[in-house]
Amino acid sequence: MSDASNSGSVTITLDGTNKSSRAPLVQASVGPAVADIRKLYGDLGIFTFDPGFGMTAACESKITYIDGDEGVLLYRGYPIEQLAEKSSFTEVCYLLLNGDLPNEGQLKQFTHDVTMHTMVHEQIRNFFNGFRRDAHPMAILCGVVGALSAFYHDSLDISDPRQREIAAFRLIAKVPTIAAMAYKYSIGQPFVYPRNDLSYAENFLYMLNAVPAEEYKVNPILARAMDRILVLHADHEQNASTSTVRLAGSTGANPYACIAAGIAALWGPAHGGANEAVLKMLGEIKTPENIPDFIDKVKDKNSSVKLMGFGHRVYKNFDPRAQIMKETCHEVLAELGIKDEPLLDMAMEMERIALSDDYFIQRKLYPNVDFYSGIILKAMGIPTYMFTVLFAVARTVGWVSQWKEMIEEPGQRIGRPRQVYTGATNRDYVPMGQRG
Ligand code: CMC
């Protein structure tokens, strides 16, 4: 470890022997210390078992901090609430990538560097024709982002800091363009080229909604809401998709391939697919009167039904992003003049019932970021199947920052978990005629 300090240790003793292993305690700048068990196998001949990695720190990072018990989320030390209120997504991108908030000149230069990469190679358009019109845009995003490495050969040398930087700009700039193209393809409209005079969020809304036949003006309220949604989703330390990006990157794979791997991991309903799943769930419940029956199903150990948008591996208190998302939801609906949104009423009723139910209280299950985000996005006219794509657009900067941090770490090694093998032991091959 490079910057973490050691203080104290834990000693693990193998019962029934006189063998022990001393694991130094590594202090985090904030949060619990970790036991460095790297000598464990050498000392005792055993590994640790931690399915789901709930207790295992796989890396050292300076990017994002979460205190799940207190509901705290910091990007580079700055509370998410302050960034959501006062910052912009582009500034947050700079912060996550570089470690500090930019001054005016730095932000101007960074914004310029990102916007200069918003277009994609014209030949990338051809990829889209290979997909069915009803392809899920996450499938398209995954494929086309992975294919970027075939177009941008001058940013594949991961040992060159300048090439890493250009790859970072390209990914942050091009993922929204590809995401919007995937959407346009799904509805049979022409692709809309990016506009570099618009902010990141404005340009994304423009590429999603504009058509060549008429002028399109971006609604500033929706652009602000989109910017905030992007800020809230920008990074979340070592979640499943980020860990996937790191694991892929640890092999030396190019950054475009790594981000495509992250997009694939994000797609699942337990992760980034949850925002889509929340709306599906609310649609299936139909009316608030059906909520108690649904909650009974969720609590039934024999059913696999989950309350989507609830629970989190790390937050055992309110997800601070969910609080901001709920407020933004009310603001957006008010600004759009939507007085009565049955989905929001149902979500609030669901939250009220769940938060007073012993099942959820005992398990510390609270609404997460995805519980309200879908309702805002729906109000903004974005179809459900695009929700996870939006999450991917926002998270790209987090993935890229984490990938860069890993590549730049001295002594970085390939990620390679161990296993508890419980299969057959060594046995001889049996010829076909002798098998039972
Ligand atoms: N509905 C009902 N029960 C739940 C839920 C839920 N949403 N989440 C957890 N539980 C129960 C779980 O069944 C278990 O019960 P028991 O102790 O009786 O076996 C207990 O709570 C502990 O849960 P867990 O499965 O050990 O928790 P985990 O850390 O492995 O899973 C999670 C975290 C987010 C995958 C899970 O809470 C979940 O599936 N939630 C719904 C999907 C969702 O909203 N995902 C978005 C996460 S936030 C955005 C992101 O980072 O992608």
Side-chain angles (χ1 to χ4, degrees), residues 118-152 167 170-194 204-205 207-209 226 229-230 233 239-249 253-281 283 308-309 370 373-374 377-378 380-400 403:
T118 49
M119 292 204 305
V120 291
H121 192 291
E122 200 58 12
Q123 217 162 312
I124 286 177
R125 298 166 73 95
N126 297 339
F127 277 97
F128 288 83
N129 293 330
F131 287 99
R132 283 170 51 144
R133 289 274 173 187
D134 61 357
H136 196 290
M138 281 300 276
I140 300 182
L141 194 69
C142 209
V144 178
V145 170
L148 290 179
S149 63
F151 287 84
Y152 301 105
R170 284 193 171 133
L171 280 157
I172 295 166
K174 292 184 201 304
V175 169
T177 310
I178 297 167
M181 288 170 89
Y183 173 54
K184 287 299 194 189
Y185 187 75
S186 76
I187 55 171
Q189 286 186 3
F191 298 140
V192 175
Y193 287 105
F204 186 39
L205 286 173
M207 291 189 295
L208 287 172
N209 297 321
M226 175 61 78
I229 292 169
L230 296 175
H233 287 87
N239 55 81
S241 57
T242 303
S243 298
T244 303
V245 169
R246 278 188 177 258
L247 202 54
N254 73 71
Y256 305 101
C258 297
I259 302 309
I263 294 169
L266 185 76
W267 195 357
H271 193 5
N275 49 16
E276 189 175 337
V278 169
L279 276 222
K280 191 164 167 267
M281 173 187 79
M308 300 312 286
D370 288 324
S373 65
L377 295 175
K378 182 173 176 285
M380 289 168 80
I382 293 171
T384 320
Y385 61 83
M386 280 297 290
F387 291 0
T388 313
V389 174
L390 248 108
F391 195 155
V393 168
R395 186 55 60 83
T396 296
V397 65
W399 290 328
V400 170
W403 169 81

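Only a predicted model underlies this, so the values are computations on that prediction, with no experimental measurement involved. We're numbering straight along the sequence, starting at 1.
- Between the SG atom in Cys142 and the CG atom in Leu266 there is a gap of 10.0 Å [rounded to 0.5 Å].
- Contact between Lys184 and Val192 at its shortest, heavy atoms only, is CE-CG2, 3.7 Å.
- More than 12 heavy-atom neighbours from other residues, nucleotides or ligands sit within 6.0 angstrom of CZ on Arg133.
- The ring pair (Phe, Tyr, Trp, His ring centres under 6.0 Å) search around His136 returns Trp267, not counting sequence neighbours.
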Kindly indicate, with the supporting measurements, whether the criterion side chain to side chain contact (heavy atoms under 4.5 Å, CB included) is fulfilled by Ile124 and Leu148.
CA-CA 8 Å; Ile124 286 177; Leu148 290 179; 3.5 Å; yes
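- Under the 3.5 Å distance criterion, the side-chain polar atoms of Tyr185 are matched with a main-chain donor or acceptor of Phe131.
- Here the shortest heavy-atom pairing between Pro194 and Met119 reads CG-CG, 3.8 Å.
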Could you tabulate the donor-acceptor pairs under 3.5 Å formed by side-chain atoms of residues 387-399, not counting sequence neighbours?
| residue | atom | partner | partner atom | Å |
| --- | --- | --- | --- | --- |
| Thr388 | OG1 | Gly272 | O | 3.2 |
| Thr388 | OG1 | Asn275 | OD1 | 3.4 |
| Arg395 | NE | His233 | O | 2.7 |
| Arg395 | NH2 | His233 | O | 3.3 |
| Thr396 | OG1 | Ala392 | O | 2.7 |
| Trp399 | NE1 | Ser241 | OG | 3.0 |

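- Residues Val245 and Trp403 approach most closely at CG1-CB, 4.0 Å, considering heavy atoms.
- Ile382 approaches Met226 most closely through the heavy-atom pair CD1-CE, 3.7 Å.
- Ring-centre distance between Phe191 and Phe128: below the 6.0 Å cut-off.
- Minimum heavy-atom separation, Met308 to Pro269: CE-O, 3.2 Å.
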